[in-house]
Amino acid sequence: MAHEHKLEIFRGLWKFKSNTQKIWGVLVFLTFVTGIEVVLGIYKPHGLMSPLMSPFEGGFIATLGNIIFSPIIYMKTLNLIFIILTIVKAYYITWDFMHMRDETKSLRRMVVWTGVFLICYLVFILLQEGGYIESVYSSGFIKRDF
């Protein structure tokens, strides 16, 4: 016995009459978001090419603030927009095209939290390795650049 698919997107703000209309509606939305990304990538507006803030200067609290805020606030605004739009597209592809909305809550959480933990682990490894490579280059152990 098959169950009915939910025919709305954007938390019920946009409703469709059939699955085919819903697929086309999500496709149009994803195409629109991709179009925004392409236009921003081609024109690169000057106002979006600088970070929102400059790093804090001072003592221990400023260092903690730099560590906490550096992945988000010190990034170029255009890069932050690209990341947010990519996450929105990935969410709707998974939620609507892969029918995650129709799965049980435990399966949805298992899929999402696995990805979150793997991404956090990847960021940790990249930061650790990047710090090591930076220390090797700054200590003068490398005689030549490759």
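This one's a predicted model, so the numbers in the text were calculated from it and none came from an experiment.
At most 12 heavy atoms of other shown residues, nucleotides or ligands fall within 6.0 angstrom of atom CE in Met98.
Atom CE of Met49 and atom CG of Asn79 lie 7.0 Å apart (nearest 0.5 Å). Phe82 contributes atom CZ, which lies 11.0 Å from atom CD1 of Ile36 (distance to the nearest 0.5 angstrom). Ser50 contributes atom OG, which lies 10.5 Å from atom CG of Leu78 (distance to the nearest 0.5 angstrom). Interatomic distance, Ile81 CD1 to Glu37 CD, rounded to the nearest 0.5 Å: 10.5 Å. One finds the CD1 atom of Ile61 at 5.5 Å from the CG atom of Leu64 (value rounded to the nearest 0.5 Å).
No option in Leu40, Val39, Val38 other than Val38 meets the side-chain contact (heavy atoms from CB on, under 4.5 Å) test with Ile42.
Ile119 and Val116 sit in two unconnected hydrophobic clusters of ILVMFWY residues. Membership requires side-chain heavy atoms under 4.5 Å apart, directly or through other members. Transitive grouping of hydrophobic side chains (ILVMFWY, heavy atoms separated by less than 4.5 Å) keeps Val112 and Ile93 in distinct clusters. In this structure, Val111 is a member of the same hydrophobic cluster as Tyr92, with clusters built from ILVMFWY side-chain heavy atoms closer than 4.5 Å. Residues Trp95 and Met110 fall within the same hydrophobic cluster, defined by Ile, Leu, Val, Met, Phe, Trp and Tyr side chains chained together at heavy-atom separations under 4.5 Å. Tyr91 is connected to Phe32 through a chain of hydrophobic side-chain contacts under 4.5 Å among Ile, Leu, Val, Met, Phe, Trp and Tyr, so both are in one cluster.
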Please step through side-chain contact (heavy atoms from CB on, under 4.5 Å) for the pair Ile125 and Glu129, ending with a clear verdict. CA-CA 6 Å; Ile125 293 298; Glu129 292 297 321; 4.3 Å; yes
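Nearest approach of Thr34 to Lys89, heavy atoms of both residues: OG1-NZ, 3.3 Å.
Taking the side chain as every heavy atom from C-beta outward, Leu80 and Lys76 never approach each other to under 4.5 Å. Counting heavy atoms from C-beta outward, Thr31 and Val28 have side chains that stay 4.5 Å or more apart. Using a 4.5 Å heavy-atom threshold, the side chains of Phe29 and Val88 count as touching.
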